[in-house]
Amino acid sequence: MPEQTPPRLVLIDGSSYLYRAFHALPPLSNAAGEPTGALFGVVNMLRATLKEQPDCAAFVVDAPGKTFRDDLYPQYKANRPPMPEDLRVQVEPMLQVVEALGLPILRIAGVEADDVIGTLALAAARAGSAVTISTSDKDFAQLVRGFDGGGRIELVNTMSGSRLDNDEAVAAKFGVRAAQIVDLLALMGDAIDNVPGVEKCGPKTAAKWLAEYGSLDGVIAAAAGIKGKVGDNLRAALPRLPLNRELVTIKTDVPLDLPADALKLRARDTQTLRNFYTRYGFNQALRELEGNVAPEPAPGGKGALRATAAGYARAATAPQGAPDAALAAPGDYETVLTRAQLQAWVAKLQAADEFAFDTETDALDAMRAGLVGLSLAVESGRACYIPLAHVYPGAPAQLPMQEVLEALRPLLADPGKRKLGQHGKYDLHVLRRHGVDVAGYADDTMLESFVLNATASRHDLDSLAQRYLGYRTLQFTDVAGKGAKQIGFDQVALEDATRYAAEDADITLRLHRLLAPKLAAEPSLQRVYREIEMPLVPVLARIEANGVLIDAAELRRQSADLGQRMLAAQQQATALAGRTFNLDSPKQVCALLYEELQLPARVKTPGGQPSANEEALEAIAELHELPRVILEYRGLAKLRSTYTDKLPEMVNPATGRVHTSYHQAGAATGRLASSDPNLQNIPIRTEDGRRIRRAFVAPPGRRILACDYSQIELRIMAHLSQDPALLRAFASGADIHRATAAEVFGKAIEDVSGNERRAAKAINFGLMYGMSAFGLAKQLGIARGEAQDYIALYFSRYPGVRDFMDATRQQARERGYVETVFGRRLYLDNIHARNQGLRAGAERAAINAPMQGTAADIIKRAMIDIDAWLAGQRGRTGAAPALMVLQVHDELVFEVDDDFVETLRAEASARMAAAASLRVPLVVDSGVGADWDQAH
DNA sequence: ATGGGGTGCAA
DNA sequence: TATTGCACCCCAT
């Protein structure tokens with residue numbers, strides 16, 4: 001017997017979304033000036049919900065008048081301010097659009113919406129339904145559970161995209177099981193509803209108590225023994241906790257007496273929706289509506305497949321009676337299988353100013369992936385997918401790849417034809433490897449989003465669609481499966497592939513149309529995007545494609561050597577411990593050292609457990625020989641597993657080189673990040689570590705050139721702070737740490753001791769990270785008071801630095817962001833957090849970001865400049881005389897012809913130094929050698 | 001299989 | 001109780 005899919009019921013918590021959308025979205029208004037922000041959010045949420053095609057649904061809102069909670073507790077919700085006028089006027093239109101979408105509205109007099117939802121959810125789930133409560137109110141987590149017979153209740157927040165579908169998910173978010181949520185809320189209270197909880201008891205404390213004592217009753221019983229201020233607060237709150245629990249408990253047994261069809265979806269009222277969307281300027285919703293109502297005929301070809309969403313919804317096993325309202329179409333997508341279709345699209349692209357493109361491949365690694373298909377979009381809501389290499393049994397005949405690429409080449413390679421994409425660097429790689437060098441890559445939605453707000457969300461297409469369009473894209477796993485059963489995209493049926501791939505191009509285009517005006521409205525961000533990020537894309541693509549040559553044999557020798565020494569350390573450790581244990585397991589190391597050997601646990605992990613990290617082992621190294629041996633083993637194991645074993649595996653068989661991947665939207669400050677492998681954390685500090693750099697080599701006839709900025713972040717601090725003493729120190733060209741020590745300790749430069757220089761260096765670095773006296777003391781191994789004295793002394797000598805830091809914090813608080821010299825912004829969401837730790841963290845980030853971010857901007861500018869200059873150079877054979885192969889935050893590494901070394905060295909250094917004009921000189925150091933180590 | 005925690009590498 | 005990252009291993013789910 002095939003398993004029956006349970007009927008699906010969606011209950012929408014209307015008020016929670018209305019409030020959330022109102023506060024989360026900018027105060028939008030339509031052409032007539034009517035406020036629309038909340039409506040826009042709710043409409044997008046509803047469209048996404050209906051797209052899921054539930055069997056039944058309801059939009060639940062509070063009815064005017066009193067409810068049982070008001071009787072129980074007269075102050076209930078007394079804190080809630082009256083609904084803002086801008087929001088109030090959106091309520092009636094909201095109900096109208098809900099109505100027009102065919103969603104039943106439930107408003108039950110005398111019963112709160114929460115309790116209506118709770119009662120309906122429980123009843124339906126008991127009867128075997130899969131119930132989704134769509135809400136942005138976390139209190140509903142108390143209802144999440146599964147039932148015998150297949151019924152279940154889950155929570156989704158369609159706006160944030162989060163989902164709580166079982167106890168584990170609830171526990172992950174709240175630290176307690178769903179059944180304990182009411183107890184958690186009773187302890188925490190709810191400021192919005194004017195339900196006071198235990199003072200100073202937030203989610204963490206409440207969860208901790210519940211984990212320890214099981215339930216609210218358990219906490220109440222144990223209250224007498226809980227120490228500290230928060231224990232006093234708990235005891236003071238005891239009398240009201242039972243009432244709290246009652247107030248926060250969502251009722252599941254209110255009499256409702258609904259008609260049989262109360263949850264039944266009706267057909268949507270297209271005319272009303274059209275009027276509504278037009279009036280409020282919801283153009284995307286309008287296009288979707290029109291696209292679905294009157295699909296255009298297919299542009300030709302006998303083999304043409306049509307992939308309208310309506311078609312798919314009907315073809316899929318849609319529940320009987322599912323109304324058209326559930327068929328909200330994402331777009332009109334065409335599978336291109338004939339020459340006529342291809343020609344029609346080429347004509348469309350030729351006529352358009354710009355178009356979005358996306359490639360589909362059979363692998364994630366851009367340097368290995370094979371092209372499987374291409375998608376294109378020129379107008380919102382309409383896109384095509386051109387399958388090229390789908391190979392599953394029964395796959396329709398597809399156009400020959402070369403023919404398609406030749407047809408598109410004039411467009412893709414035309415610098416005057418603007419192309420846009422999402423993370424287009426990947427597609428540039430794939431197309432280049434299939435013979436097409438894309439030019440005119442003008443816009444990238446990932447980078448638009450990143451520059452607009454680096455921390456607001458992730459910058460992948462799904463997150464962007466969700467955040468900016470309120471739209472849930474089809475997931476890769478939806479069409480290709482997941483885990484061991486996942487298939488390659490070349491195995492995906494063309495119908496599914498088209499929905500997925502064409503949607504990507506379509507959504508990319510829609511996102512660009514939304515994001516580009518936002519950028520245009522912020523000239524400084526627009527410049528960062530146009531002058532730094534976009535021009536950097538092809539530069540990074542070239543560096544990645546160049547790759548770096550690795551001496552794999554050398555690394556294998558090192559692995560063997562490390563292995564022998566690891567074995568020796570392991571044997572020594574076994575002897576010292578008197579038994580075998582896993583040296584790689586922190587847990588076993590802790591048990592051995594702190595329990596069996598009774599050594600003192602002086603350092604804690606961030607999780608509060610005894611730590612076995614380097615600092616902890618150093619702290620007890622004088623009490624026992626074992627910690628030192630474990631440290632020795634660790635150092636060796638790290639080098640071997642992460643570097644000497646791994647790097648040879650990463651050599652691309654086609655190129656014989658290692659190709660890292662640089663993430664342009666990786667670090668919030670604007671830095672790049674590197675992965676697969678990460679070539680930005682190759683060891684250098686220890687001799688064993690540095691040996692690894694000897695395996696980064698140049699081929700015969702070439703050398704490695706490494707150019708790095710000297711103290712760039714400190715120079716930026718001098719520039720930003722304009723502190724006279726610091727500016728003077730850099731202008732003099734002296735060793736900056738030595739100069740700082742001389743200034744702080746009141747000595748001549750030549751009289752500074754090694755220890756004084758070390759202290760000054762620690763202060764200089766610490767300052768850039770927003771360090772405290774505590775941190776400096778730990779770093780230098782001195783008393784906290786002494787560290788405080790150093791810092792005070794430093795600030796007295798460099799008052800401009802203190803003023804700059806104060807001003808930076810102040811700006812962060814006032815504007816919510818800080819910026820780099822080039823205008824890149826970093827928003828600091830936690831700068832006003834009530835939690836002191838979070839707020840302090842945001843302040844440190846505020847101090848650090850302008851310096852780290854400006855340094856990132858500068859080296860990016862240098863990379864663009866040097867790349868352009870290199871493009872015009874020719875070596876003796878006519879090939880490029882040098883390749884940029886690595887970027888490590890303040891360093892650029894090149895592979896260069898022997899006879900071009902000095903030319904490049906002079907040119908690259910000069911261009912790096914000229915990448916910004918600061919109040920201090922930018923100094924670039926460089927080195928040359930047969931390998932990366934020698935070049936330092 | 002997947003993810004969190006602990007650890008450690010770089011600038 | 002120092003910024004930004006990525007990746008390894010263990011181990012619980």
Side-chain angles (χ1 to χ4, degrees), chain A residues 166-169 171-172 454-455 482-486 581-590 603-617 630-631 634-643 645-647 650 660-663 665-686 688-690 692-693 708-714 762-780 784 787 791 826 836-837 840-853 855-856 859 886-891:
Chain A
N166 56 37
D167 250 346
E168 284 75 47
T455 50
K482 59 178 177 168
K485 289 200 199 77
Q486 188 167 71
F581 65 104
N582 184 348
L583 279 86
D584 290 317
S585 166
K587 197 173 150 189
Q588 293 187 31
V589 168
C590 284
V603 181
K604 298 274 190 284
T605 69
Q609 299 301 306
S611 170
N613 69 8
E614 181 174 357
E615 186 193 348
L617 298 193
I630 296 173
L631 284 173
R634 281 237 186 105
L636 302 169
K638 173 82 178 181
L639 292 177
R640 194 166 89 135
S641 66
T642 307
Y643 303 104
D645 277 357
K646 193 59 63 176
L647 286 172
M650 304 295 289
T660 184
S661 174
Y662 287 105
H663 308 281
T669 52
R671 268 195 183 181
L672 299 176
S674 153
S675 72
D676 306 295
N678 180 356
L679 295 185
Q680 291 181 321
N681 71 344
I682 303 300
I684 193 168
R685 288 166 211 241
T686 66
D688 279 330
R690 201 158 42 242
I692 292 167
R693 294 192 172 217
D708 69 287
Y709 284 109
S710 162
Q711 305 296 350
I712 188 167
E713 293 190 14
L714 269 180
I763 296 176
N764 278 335
F765 274 97
L767 281 169
M768 291 188 296
Y769 302 142
M771 184 184 57
S772 62
F774 179 95
L776 181 63
K778 201 162 82 171
Q779 175 72 33
L780 288 175
R784 197 184 147 156
I791 293 175
L826 178 62
Q836 136 86 13
E843 288 185 0
R844 288 193 298 268
I847 298 288
N848 177 256
M851 294 182 267
Q852 195 181 111
I859 196 166
L886 293 173
Q887 190 257 37
V888 193
H889 307 306
D890 65 357
E891 173 181 8

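In what follows, chains are A, B, ... by sequence order, proteins preceding strands, each numbered from 1.
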Handout entry: Nearest-0.5 Å distance, OG of residue S674(A) to CD1 of residue I682(A)
Key = 8.0 Å
Practice task
Measure from CG on L636(A) to C1' on dC9(B) and round the result to the nearest Å.
Solution key: 15 Å
Practice task
Looking at every strand, decide which applies to D708(A) at a 4.0 Å heavy-atom threshold: base, sugar-phosphate, or nothing.
Solution key: nothing
Exercise for the section: Write down the distance between CZ (R640(A)) and P (dC9(B)), rounded to a whole number of angstrom. Expected result: 17 Å
Problem - Nucleotide nearest P586(A) when distance is taken to its side chain, options dC6(C), dA2(C), dT7(B) - result: dT7(B)
Fill in the blank from the handout: I692(A) CD1 to dG8(B) P, in whole Å, measures 16 Å
Fill in the blank from the handout: Closest to the side chain of D584(A), out of dC10(C), dA7(C), dA11(B), is dC10(C)
Practice task
Enter the distance from D645(A):CG to L639(A):CG here, rounded to the nearest 0.5 Å.
Solution key: 10.5 Å
Problem - Side chain of D890(A) (C-beta onward), nearest among dA2(C), dA11(B), dC9(B) - result: dA11(B)
Practice task
Please check the phosphate of dC10(C) (OP1 and OP2 only) for any side-chain N or O of N582(A) closer than 4.0 Å.
Solution key: yes
Practice task
Examine distances only and state if a side-chain atom of D676(A) and a backbone atom of S661(A) form a donor-acceptor pair shorter than 3.5 Å.
Solution key: no
Practice task
For A855(A), report the nucleic acid contact type (base, sugar-phosphate, nothing); a contact means any heavy atom under 4.0 Å.
Solution key: nothing
Problem - Between C1' of dT1(C) and CD1 of I791(A), the distance in whole Å - result: 12 Å
Practice task
Examine the base of dA2(C) for any acceptor or donor lying under 3.5 Å from a partner atom in the side chain of Q779(A), and report the outcome as yes or no.
Solution key: yes
Practice task
Give one of base, sugar-phosphate or nothing for G766(A), where a contact means two heavy atoms less than 4.0 Å apart.
Solution key: base
Exercise for the section: Check every strand shown and say whether K646(A) touches a base, only sugar-phosphate, or nothing at a heavy-atom separation below 4.0 Å. Expected result: sugar-phosphate
Practice task
Send over the distance from L647(A) CG to dC9(B) C1', rounded to a whole Å.
Solution key: 12 Å
Exercise for the section: Could you tell me the separation between the CE atom of M768(A) and the CD1 atom of I847(A), rounded to the nearest 0.5 Å? Expected result: 12.0 Å
Handout entry: Between dT4(C) (C1') and F765(A) (CZ): distance, integer Å
Key = 14 Å
Practice task
Determine whether any donor atom in the side chain of Q852(A) lies under 3.5 Å from an acceptor atom in the base of dT4(C), or the reverse, and answer yes or no.
Solution key: no
Exercise for the section: For the side chain of Y769(A), starting at C-beta, report the closest nucleotide among dT13(C), dT1(C), dT3(C). Expected result: dT3(C)
Practice task
Between dA2(C) and dG4(B), how far apart are the C1' atoms? Round to whole Å, please.
Solution key: 24 Å
Problem - From CD (Q779(A)) to OH (Y769(A)), nearest 0.5 Å - result: 10.0 Å
Practice task
Determine: side-chain N/O of K587(A) to OP1/OP2 of dA12(C), distance under 4.0 Å, yes or no.
Solution key: yes
Practice task
Could you tell me whether the side chain of T660(A) reaches within less than 4.5 Å of the side chain of N678(A), counting heavy atoms only?
Solution key: no
Practice task
Would you tell me if any nitrogen or oxygen in the side chain of R685(A) comes within less than 4.0 Å of OP1 or OP2 on dA10(B)?
Solution key: yes
Practice task
Rounded off to whole Å, could you give me the CG-to-P distance for the N848(A) and dG5(C) pair?
Solution key: 10 Å
Practice task
Check every strand shown and say whether A668(A) touches a base, only sugar-phosphate, or nothing at a heavy-atom separation below 4.0 Å.
Solution key: sugar-phosphate
Exercise for the section: Give the rounded distance in Å between these two atoms: CG of L780(A) and P of dT1(C). Expected result: 19 Å
Practice task
Respond yes when some side-chain nitrogen or oxygen of R844(A) is under 4.0 Å from OP1 or OP2 of dT3(C), and no when none is.
Solution key: yes
Fill in the blank from the handout: Of dT7(B), dA11(B), dA2(C), the nucleotide closest to the side chain of S611(A) is dT7(B)
Exercise for the section: Look at the side chain of N681(A) against the base of dC9(B) and say whether a donor-acceptor pair falls under 3.5 Å; ignore hydrogens and angles. Expected result: yes
Problem - Salt bridge flag under 4.0 Å for residues R671(A) and E713(A) - result: yes
Exercise for the section: Please tell me which of the listed nucleotides, dT4(C), dA2(C), dC6(C), lies nearest to the side chain of N678(A)? Expected result: dC6(C)
Exercise for the section: Look at all strands and tell whether I684(A) reaches a base, only sugar-phosphate, or nothing, counting heavy atoms closer than 4.0 Å. Expected result: sugar-phosphate
Handout entry: Closest to side chain of T605(A), choosing from dG5(C), dA11(B), dT7(B)
Key = dT7(B)
Exercise for the section: Output the distance between atom NZ (K604(A)) and atom CG (N613(A)), rounded to the nearest 0.5 Å. Expected result: 12.0 Å
Completion exercise
Among the nucleotides dC9(B), dC8(C), dG5(C), whichever has the atom closest to the side chain of S641(A) is dC8(C)
Problem - Any T642(A) side-chain nitrogen or oxygen under 4.0 Å from OP1 or OP2 of dC6(C) - result: no
Problem - S585(A) side chain near dC9(C) phosphate (N/O to OP1/OP2, under 4.0 Å) - result: no
Exercise for the section: Return no unless some side-chain N or O of Q588(A) is found under 4.0 Å from OP1 or OP2 of dC11(C). Expected result: yes
Problem - Closest to the A845(A) side chain, choosing from dG5(C), dC8(C), dT3(C) - result: dT3(C)
